[in-house]
Structures are given as C-alpha cells and as structure tokens.
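To keep things clear, I will list the structure first and then write my remarks on it.
Letters A, B, ... mirror the listed sequences (proteins, then strands); counts begin at 1. Note that this is a predicted model, so its numbers are computed, not measured.
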Number of protein chains: 2
Amino acid sequence: MPTVPLSRETLLPALAAHVLEHGLGGASLRPLARAAGTSDRMLIYHFGNKETLIADLLGYIADIYSAALDAALGPQRPQTRQECLARILAEGRKPAMAAFLVLWWDIVAGSARGLPGYREAAQAMMTRQLAWLEGQMPEDDPDPAGGARYLMTLIEGALMLSAVGHGETAHEGLLASGLLRL
Amino acid sequence: MPTVPLSRETLLPALAAHVLEHGLGGASLRPLARAAGTSDRMLIYHFGNKETLIADLLGYIADIYSAALDAALGPQRPQTRQECLARILAEGRKPAMAAFLVLWWDIVAGSARGLPGYREAAQAMMTRQLAWLEGQMPEDDPDPAGGARYLMTLIEGALMLSAVGHGETAHEGLLASGLLRL
DNA sequence: CTGTCTATGTAGCGATTGCTACAACGCCAG
DNA sequence: CTGGCGTTGTAGCAATCGCTACATAGACAG
C-alpha cells in the first residue's frame with residue numbers, strides 16, 4: 001500500500017480523533033503521535049511546537065464541527081421557535097454529539113483560562129452555530145436575530161447544566177419558559 | 001510563632017487558593033505543596049493519593065462557594081424577574097468572581113469527562129445556586145420554582161457565552177427575551 | 001557524480017510526574 | 001527508661017514531559 005505523505009493536513013484528522021476520545025488536557029505528544037501513526041519527533045517537525053499544534057488542531061476541529069453542523073441541517077425550516085428549540089436539543093442528545101460535547105467543555109475551560117488558540121476556536125464554533133441558528137428561525141419570526149441569540153443562550157445553558165448533572169433543572173426551566181412543550 | 005498542625009482542614013484553604021489562581025489542569029503535587037507550605041510527601045500522607053486530594057479539594061471549594069453566595073445575598077428580595085436577573089448578572093461580573101468562573105469551567109469540563117469528584121462538586125454548587133435563586137424570586141411570582149430554573153438556564157448560558165467571547169451575543173439574547181431592559 | 005534540501009529514525013536531554021522506602025523526631029503510656 | 005505511634009524530612013524510583021542533536025535516506029538540480 002502506498003504510504004500517504006505526512007503533513008499538517010494529513011495528520012490533523014487522526015489527531016482530532018485522538019483528542020475527541022481522550023480530551024485535550026492529557027494530550028501529550030507521544031500518544032498523539034501514536035494515534036497518527038508517527039512519532040513525537042515528526043509532530044514537532046511539522047508543527048514547530050506543541051502550542052501551535054494544539055492551536056492548529058483546534059482550528060481544524062472548529063472546521064469539522066461546522067461541517068457536521070451543515071450536514072445535520074435539514075433544508076426545511078421550523079414553523080415556530082418551540083419547534084426550532086426542540087429540534088436543536090434533540091440534535092445535542094444524539095450519541096455522536098456526546099464526544100464532541102465533552103471536548104467542547106475542555107475548549108471552553110481553555111478559553112476562559114486564556115490558553116492560546118482556545119478562545120479563537122470556541123468563538124468560531126459559536127459564531128457558526130449562531131449563524132446556523134439564525135437561518136433556522138421561523139420565516140415569520142418577528143425578530144430572528146434576537147430570537148436566535150435568545151435560543152442560543154438557553155441552549156448553551158441547558159447543555160452546561162446537563163454536563164454537571166442538572167439536565168432536569170434545565171428541562172424544567174425550558175418548560176417554565178413556555179418554549180418547550182410537554 | 002506557633003506552627004499550626006497540618007491536617008486536611010488546615011491544608012485545604014491554601015490548596016484552594018492555589019487552584020483558584022492556577023487552575024485544576026496543571027495542579028501537581030509539588031506546586032500544591034509549596035503553596036500550602038509543606039511537601040508533596042505530606043500531601044500524600046494526609047490525603048492518601050492525588051485523586052482523593054482533588055476530590056476533597058473540590059468539595060471544600062463547593063463549600064466556600066456556597067458561603068460566598070450566602071454572603072453576597074442581600075436580605076431584600078427583588079420585585080421582578082428582570083430585577084432578579086440583572087442583580088445576578090451584576091454579581092457574576094464582579095472581579096472577585098472572575099477567578100471562580102475560570103475554575104468553574106475546569107470543573108464543568110472534568111464533570112463532563114467523568115473525572116472522580118468533579119460531577120459531585122459541580123452538582124452541589126448548582127444545587128446550592130438553584131436554591132438561592134428560588135429564594136430570590138419575587139414574592140408574587142406565579143411560578144418561583146420554574147422561574148428560577150428558567151433564569152438559571154439563561155444565566156449559565158450567558159456565562160458560557162461570555163467565557164468564549166460571545167458575551168455580546170448573550171446580552172442581545174437576554175434583551176430579546178424581554179428579561180433584560182436597556 | 002555531487003551537492004543540497006526535505007523527511008525521518010534513534011537516542012537522549014533535563015525537568016517534572018505521582019508516589020514510596022527509610023530513617024528520625026517528639027510525644028505519651030507503661 | 002522504653003517502646004510504640006503519629007508526624008515529618010531526605011532521597012529516590014520509574015515513567016512521562018516537550019524538545020533537540022545527530023545521522024541517514026531519498027529526491028532532485030547542476
């Protein structure tokens with residue numbers, strides 16, 4: 001079999017798969033290299049140092065996240081905000097999203113702490129998600145921009161509460177808001 | 001000067017101060033010990049191993065967080081949900097909360113990843129915050145329990161968006177929700 | 001053929017990791 | 001006085017960390 005040439009681009013998918021499974025915190029060069037079928041020596045050679053490797057990796061992950069979002073998006077718009085919210089929450093409950101979400105909180109934590117590259121990647125993902133959400137707002141919505149931001153705030157809050165075992169709290173809150181029907 | 005005896009209880013405040021400044025990710029025994037004026041040797045002696053040290057530390061942090069919440073709570077109740085939300089958001093913007101929030105995202109990430117002790121601590125803090133929020137709901141509120149959960153979801157969403165540089169998005173969303181006045 | 005440039009393997013550096021073996025200290029019971 | 005018990009210091013372990021020096025191999029230009 002022909003061996004593909006190593007480069008940033010060919011390495012990034014395997015690296016992304018590794019951090020999706022094992023997280024960013026414990027991501028050290030040798031395990032990352034093993035996952036990509038190469039050596040720590042070559043990771044440094046191609047990326048210069050670990051910091052830019054992680055930054056590049058986060059950028060790549062932001063890209064594939066956007067692509068996944070586009071793929072998951074059906075062409076049909078919801079008729080109401082309630083339907084829009086319910087559809088997105090259902091998306092977040094899919095098993096394929098679970099690994100992404102776990103990694104997401106690593107990125108949020110890194111962003112809050114100011115680690116290089118984290119905030120840019122997190123911001124890019126949120127910007128993309130916001131644009132997607134705006135496009136998903138009902139056609140007759142009186143304030144699609146504001147509504148999308150409102151839904152976004154609720155969604156992220158619900159995700160966070162779920163991450164700490166308070167999913168039920170978020171669910172009850174959404175019910176009380178009238179945006180979720182029983 | 002009399003040296004205070006070392007124990008879990010006397011060590012935890014110094015350890016908490018250290019992780020508040022430097023985070024949980026890079027918290028290793030020797031720096032922790034230095035911050036507490038002792039040695040890694042003694043940390044293991046008193047806590048058994050690092051895992052239970054971190055778990056105990058998270059429990060302690062959850063406690064001081066609750067105490068800080070109680071201290072910040074004025075006896076007067078807000079008259080409206082809007083006032084309640086505004087007051088809490090203002091609380092979250094205080095500089096003293098900044099270090100706490102950075103650490104908080106570490107805890108959320110650990111909880112999402114299933115690290116031992118993280119979910120319990122995060123859940124405890126959220127439970128406490130929810131109880132506090134319920135007590136803060138206006139006296140004539142038609143649904144204090146649901147309203148508190150609704151506000152909580154919005155608040156946590158706003159905090160998360162702020163952590164990734166989308167504070168403006170959350171602000172506009174809250175304005176659109178009608179819960180925040182200009 | 002020769003030189004140069006890119007890509008890669010091998011080996012190792014000094015630092016740090018969580019943790020432990022061993023000895024010594026002070027205390028209090030007998 | 002003695003012996004055990006709880007506490008602490010010193011030293012060190014094997015493993016891992018990010019990174020580098022050095023040699024080598026192949027491709028390609030002159």
From CG of B/Asn49 across to C1' of C/dT17 the rounded distance in Å is 14 Å
Taking atom types as modelled and ignoring hydrogens, do the side chains of A/Tyr65 and A/Gln129 form a donor-acceptor contact shorter than 3.5 angstrom? yes
With a 4.0 Å cut-off, would you call A/Asp70 and A/Arg128 a salt bridge? yes
State, to 0.1 Å, how close A/Gly25 and A/Asp106 come at their nearest heavy-atom pair, and which atoms those are. N-OD2, 4.2 Å
Spacing between A/Ile54 atom CD1 and D/dG18 atom C1', to the nearest angstrom: 12 Å
Describe, as an angle rounded to 10 degrees, how the axis at the first end of the helix from C/dC1-D/dG30 to C/dG30-D/dC1 is tilted relative to the axis at the last end, five pairs per end. 20°
Can you tell me the distance, in whole Å, between the CG atom of B/Leu29 and the C1' atom of C/dT17? 8 Å
Looking at every heavy atom in both A/Asp40 and A/Ala33, which two are closest together, and how far apart are they? N-CB, 3.3 Å
Take the angle between the ring planes of B/Trp105 and A/Trp105 and call it parallel below 30°, perpendicular above 60°, tilted in between. parallel
Does the distance from a Lys or Arg side-chain N to an Asp or Glu carboxylate O, for A/Arg87 and A/Glu91, drop under 4.0 Å? no
B/Ala124 to B/Ala62 - nearest heavy-atom pair and separation: CB-CB, 4.5 Å
Would you please confirm or rule out a distance under 4.0 Å between OP1 or OP2 of D/dT7 and any side-chain N or O of B/His46? no
Nearest heavy atoms of A/Arg119 and B/Ser162, plus distance in Å: NH2-O, 3.8 Å
Residues from residues 34-44 of chain A lying under 4.0 Å of DNA chain C - heavy atoms: A/Ser39, A/Arg41, A/Met42
For A/Arg149, is there an ion pair with B/Glu168 - N to carboxylate O distance below 4.0 angstrom? no
Return the value, rounded to whole Å, for the distance between atom CG of A/Leu32 and atom C1' of D/dC17. 13 Å
For DNA chain C, which residues of residues 14-28 of chain B approach it to below 4.0 angstrom with any heavy atom? B/Ala27, B/Ser28
Nearest heavy-atom approach of B/Gly117 to B/Ala55 is CA-CB, 4.3 Å
In this structure, how many angstroms lie between the C1' atom of C/dG18 and the CZ atom of B/Phe47, rounded? 15 Å
In whole angstroms, the gap separating P of C/dA7 from CZ of A/Arg8 amounts to 11 Å
Identify, between A/Arg30 and A/Tyr45, the residue whose nearest nucleotide on DNA chain C lies closer to the 5' end. A/Tyr45
Smallest separation among heavy atoms of A/Ser177 and A/Leu174, with atom names: OG-O, 2.6 Å
